[in-house]
Protein chains: 2
Amino acid sequence: MSVTGDAMYIKKMNKALVLNTIRNNTPISRAKVSKITGLNKGTVSNLVSELIHNDLVYETGTGKSSGGRRPIMLMFNERCGYAIGIDIGVNYIFGLLTDLSGKIITKKEISLSVTDYQSVKENIYTVIDFLINQTPSSTYNIIGIGVSVPAIVSNEGFVLFAPNLNWTNINLKHDLQQKYSLNVTVENEANAGAYGELKFGNKNHVETMIFISAGMGIGSGIIINDTLYKGINGFSGEVGHVSIENNGIVCTCGKKGCWELYASEKAILNKTKEVYQKEISFLELVEKAKKQDQKAIHIFNEIGKQLGIGISNVINIFNPDSVVIGNRIASSKTWIEDSLKETIKSRTLPFHQKEVEIRISNLGPYSIPLGVSYIMIEDFLKK
Amino acid sequence: MSVTGDAMYIKKMNKALVLNTIRNNTPISRAKVSKITGLNKGTVSNLVSELIHNDLVYETGTGKSSGGRRPIMLMFNERCGYAIGIDIGVNYIFGLLTDLSGKIITKKEISLSVTDYQSVKENIYTVIDFLINQTPSSTYNIIGIGVSVPAIVSNEGFVLFAPNLNWTNINLKHDLQQKYSLNVTVENEANAGAYGELKFGNKNHVETMIFISAGMGIGSGIIINDTLYKGINGFSGEVGHVSIENNGIVCTCGKKGCWELYASEKAILNKTKEVYQKEISFLELVEKAKKQDQKAIHIFNEIGKQLGIGISNVINIFNPDSVVIGNRIASSKTWIEDSLKETIKSRTLPFHQKEVEIRISNLGPYSIPLGVSYIMIEDFLKK
DNA sequence: CTTAGTTTGTGTATTGTCTGAACTAAGTTT
DNA sequence: AAACTTAGTTCAGACAATACACAAACTAAG
């Protein structure tokens, strides 16, 4: 073994810096990379030639001159490898195959009728096998599989508890690694969604973002300084069980007045039953609202307000630059957005309101699988 | 100018690593530093000799042999410089002079009768002048002044709004830098306290800590990965205005049911008035409780419960490894601790409870000035 | 068409930092 | 007293980054 691990470390850092500069500014010349990164021209030349050797970057003819020699444009080779992102829901498995820029190559969805681990596992295998079969040949082939689960997941990727799937202590990561001999990451659903929104949600630079995943319950993914914050054990973000009503409705968690009892799909279904005196599904309610059913619209307005109450709390705590609302609730955007924003405005300190952007996801069902897929990509590109 | 900023960067990192290893394990030999850090013996020797040259480290005779040549023990020279930490309260200014290990050399307190900025500024000058006069001569002398203010402070140290002092848009940092030509940091009170508790609160390693500053209101300082998290503008941690009662008491902030209306000194004073039918100060109530006054004890029990409600929310969101309750409430520890812990136990998910440590500060009034002082020290030692 | 100036990218010498290994120093163990 | 251990220093070699020089390829302007 030669030279310090730290000489290698610094090269690794600079190489990653050059690669990211190319990724974010593609196409770009060596000269411009040098200017942006502050690295010496020679250093950039050297690192770029290595990156070309690694097939991560390629040259694509000459660009326009700006009064001197014409630059050789560099592009990130997003097709030198592919990533798989799997979103496990309560009644479906949704899988994506993406290239290294996160562009979707193929998708595959399967619906689930039973949720016991053995059956679900078989279905996951089916989805992954399908996606692997569809993968074009490339230098690195599949660089990793990311899986999202609606569950409490430890920092090590161990599924501790998935209430809606009725799973406890499942080592999905181990099983997949065993079967495919690939890099595997298992992530909580809200964290995955947060990462997806961070990378694909909008183009503005975001440092601190809170992703509110409002489906049957409410979870959240917390991004701080461009990184997922997962808490000391990986259990952070349980905002759904923040109490907003000290002596409110009793929750399955044992507490009273949990936010998710007032602002999730669960809350909508309860309200709907009360208003219409019969069981109506979430999608049917959306249909009603689309047809201008005032009762339905009113229910959504109210949910928007309740969502706003909890989000105000989150803003007061985190002072984030962005809050994104995702998961199934996002599809009722039209009727919740106004009351949501109004509530937040009246319930946060003026200082906090100045720069925060409140947004309802428009990636829809893609934020989660894209998120896990991109976690694998970033992991791979860090080498 | 010679060599890359990055060769220097790596040396800086390693030098800081060696210095911190010596600080945390003083006294220690070069050989052991090499073992702990993984750096080559020669590298350590070289860096240590520079640190000795910088007067940050000194040799202190030989240690015990373990079967070979006796080691030369190294010590961190905590007296090569001093730091000033100032805690500005609503009716006092409390200043500390510490050495570079955070040991208190001198303290100085002044009470305030008026809070307009001009008068307070003069008093701050008086405290600082006193502390500077008391500073022993040393290589680096005063390495910086840290100031804590009960206010919303921007990331740049600009005081935007201090409700209890009635200040808006005060550039205290600029004024102090101008007058003393020293490195100055202005920090929010809860953030300062959090840092103080992180460094001096207990010896176990802590990564993520939430410091709940419960005085007249409730604020919080958030430590993530050993660093203060301040939010995108520096306004994070406003947990006092998290609503725990949707249709509760109206707060000065305009919202209803803010946590601090139920669990702060403000809440205690209200309760006391109701129970005793007259105005009784916080300190008097503590005295009553000490004399086993059941009504007083009951009030504190109740406050403990209310504190617990809000802290449960914080735990569900952050999954921290430590929550510390500080500021004035801490002095009623005896009567709030049990109901506090019980409430938290019943209101957090079992997964979260496993490793979290709930603690009431025992640094008392020192956590804040020690915190700002230590911020300056760490800043200085990073060079 | 010529000349001057600009921009891009590469090659070479130099520098700073770390490591490995040999070496000196100063003990302990048998 | 010889053999072993441990501590700390010194020096050559490896590596990565910079500075600088230079060639190539262009634009601008007379």
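Below, read A as the first sequence line, B as the second, and so on, with proteins coming before strands; counting in each chain starts at 1. Only heavy atoms go into these numbers, but all of them, side chains included; no hydrogens, no water, no symmetry mates.
Checking the phosphate oxygens (OP1, OP2) of C:dT10, a side-chain nitrogen or oxygen of A:Arg30 falls inside 4.0 Å. Within the structure, a side-chain polar atom (N or O) of B:Ser29 is placed less than 4.0 Å from OP1 or OP2 of D:dG8.
Of the residues near DNA chain D, A:Asn14 and A:Thr62, the one whose nearest nucleotide (by heavy atom distance) lies more toward the 5' end is A:Asn14.
A straight line from CD1 of A:Ile22 to C1' of C:dG9 spans 14 Å, rounded to a whole angstrom. Going from atom CE of A:Met8 over to atom P of D:dA17 covers 13 Å, rounded to whole Å. With rounding to whole Å, A:Ile28 atom CD1 is found 14 Å from C:dG9 atom C1'. Atom C1' of nucleotide C:dG9 and atom CZ of A:Arg69 are separated by 4 Å, given to the nearest angstrom.
Comparing C:dT17, D:dG8, C:dG27 against the side chain of B:Ala7 picks out C:dT17 as the nearest.
Residues from residues 35-47 of chain B lying near DNA chain D, meaning a heavy-atom separation below 4.0 Å, are B:Lys35, B:Lys41, B:Gly42, B:Ser45 in numerical order.
With both pairing distances under 3.5 Å, D:dG30 is matched to C:dC1 as a Watson-Crick or G-U wobble pair.
Each side-chain hydrogen bond (donor to acceptor under 3.5 Å, both in side chains) pair with one or both residues in residues 223-235 of chain B, not counting sequence neighbours, appears once here: B:Glu187-B:Lys230. Residue pairs meeting the side-chain hydrogen bond (donor to acceptor under 3.5 Å, both in side chains) criterion with at least one member in residues 24-44 of chain B, sequence neighbours excluded, are B:Arg30-B:Glu59.
Aromatic ring pairs are classed by plane angle as parallel below 30°, tilted from 30° to 60° and perpendicular above 60°; the pair A:Phe318 and B:Phe318 is tilted.
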